[in-house]
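Start at 1 and go down the list; that is how both ligands and their atoms are numbered. Counting from 1, the numbers follow the sequence of the chain as shown. Excluded from the calculations below are hydrogen atoms, water molecules and symmetry mates; all remaining heavy atoms, backbone and side chain alike, are included.
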Amino acid sequence: MRVITVGLGARSYDVLIEDGLLDRAGEHLARFTTGRPFIVIADETVAKAQWPRLKAALDSSGIDSDLITLPAGESTKSWAQLEYLLDELLLREVERSDHIIALGGGVIGDLVGFAASILKRGCHFVQIPTTLLSQVDSSVGGKTAINARAGKNMIGSFHQPSLVLIDPTVLDTLDPREVRAGYAEVVKYGLISDPAFFGWCEDEGHRLLAGDSDARAHAIGTSVAAKAAIVGEDERETSGRRALLNLGHTFGHALEAETGFSSTLLHGEGVAAGMALAFRFSAAQGLCPAEDAARVTEHLRAMGLPHDLDSAHVSASGATLVAHMLHDKKRTGGTLPFLLAKGIGQTFLDKTVDLKDVEAFLDADRKG
Ligand code: GLY
């Protein structure tokens, strides 16, 4: 088993990674028992696929449990579902000293984490992420949120889990497209600051997507270790270090907005195309060697991920996409901070980008 500690003083916690960990979850959760049942929250799809395994594990450790199910999908990160969840937790008399358990992907993790941060002024929670994206990113680091009319993740808190249990075998029941989309977030760690890991992705990424256990463990462990180090340094995204985790997200969100945040382009797919665009824009600005931008594009293409506007199913102009970026950040003009690269593993925050250059780049990149 790999154990990675997120070092945050008194709020430090471990991320455990091991095949089959879900079936042994009771052993790791037993220390949190208070005499009341553990409340597990999952969406209807994950409840069908994974709850029987977790329930059996808790039963075999003599731990009582109860399940709350919510609808699957991004629209569950809403005031209405938050209210429903909080009422259900209060009905079950959850106390501040209790741990509630988020069993699911980013939607359930973000919603349950936020509920935990405000229930009776804060209770504890454990993350058991069931998608590759949540295993390598959203379950670690304590960002919690729901969506608002004004935009995604606009209402939330920083509330760290007490433990994260990652069982890569849960990915076996996931739609391969979801796994591929989550893989974009794995590649991201190589592109931010670890060129050797990007090289590993080029050589071995296909094994991960094929479900190879060693490749999955290596990719998840390397990603979580990178994220834990960044969160330990900049928990609340104040120094700029944690902001590097948003590589590809400004371009990617514009593509997601243009495709209506729909299944046309999954979040991870938007991030993949966004990272390729960020590297090619960096190259076009003379910041990054063109060969590095080409390597990034080629790897994402080879892995079956979107890597340009066409493969992201976006036909909008550069001006329309920049308007989406400004809307996303609640700006009406001026400039935006962009995560650009001096090369593979050398991402940096650039606050001097001229949006006219971004527009012209996007139009030229399509004509390619
Ligand atoms: N997913 C970005 C972050 O946790 O900061």
Just checking, any donor-acceptor pair under 3.5 angstrom between side chains of Thr5 and Asp14?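 Yes.
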
Under 3.5 Å side-chain donor-acceptor pair for Ser134 and Gln127: no

Heavy-atom side-chain proximity of Tyr13 to Leu8 below 4.5 angstrom: yes

Short N/O distance, under 3.5 Å, between Lys143 and ligand 1?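 For ligand 1, there is an N or O atom that lies under 3.5 Å from one belonging to Lys143.
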
Kindly confirm or rule out an N or O of Lys188 lying under 3.5 angstrom from an N or O of ligand 1. no

Looking at Phe348, Phe251, Phe279, Phe361, which one forms a ring-ring contact (aromatic ring centres under 6.0 Å, His included) with Phe338?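 When ring-ring contact (aromatic ring centres under 6.0 Å, His included) is applied between Phe338 and each of Phe348, Phe251, Phe279, Phe361, only Phe251 qualifies.
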
What residue and heavy atom of the protein are closest to atom 4 (O) of ligand 1, and at what distance?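 Checked against all protein heavy atoms, atom 4 (O) of ligand 1 sits closest to Lys227 NZ, 2.5 Å.
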
Starting from atom 5 (O) of ligand 1, which protein heavy atom do you reach first, and at what distance in Å? Arg242 NE, 2.7 Å

Atoms of ligand 1 less than 4.0 Å from Asp137 heavy atoms?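 Every atom of ligand 1 under 4.0 Å from some heavy atom of Asp137: 1 (N), 2 (C), 4 (O).
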
Mind telling me whether His249 and His253 have parallel, tilted or perpendicular rings, with 30° and 60° as the class edges? perpendicular

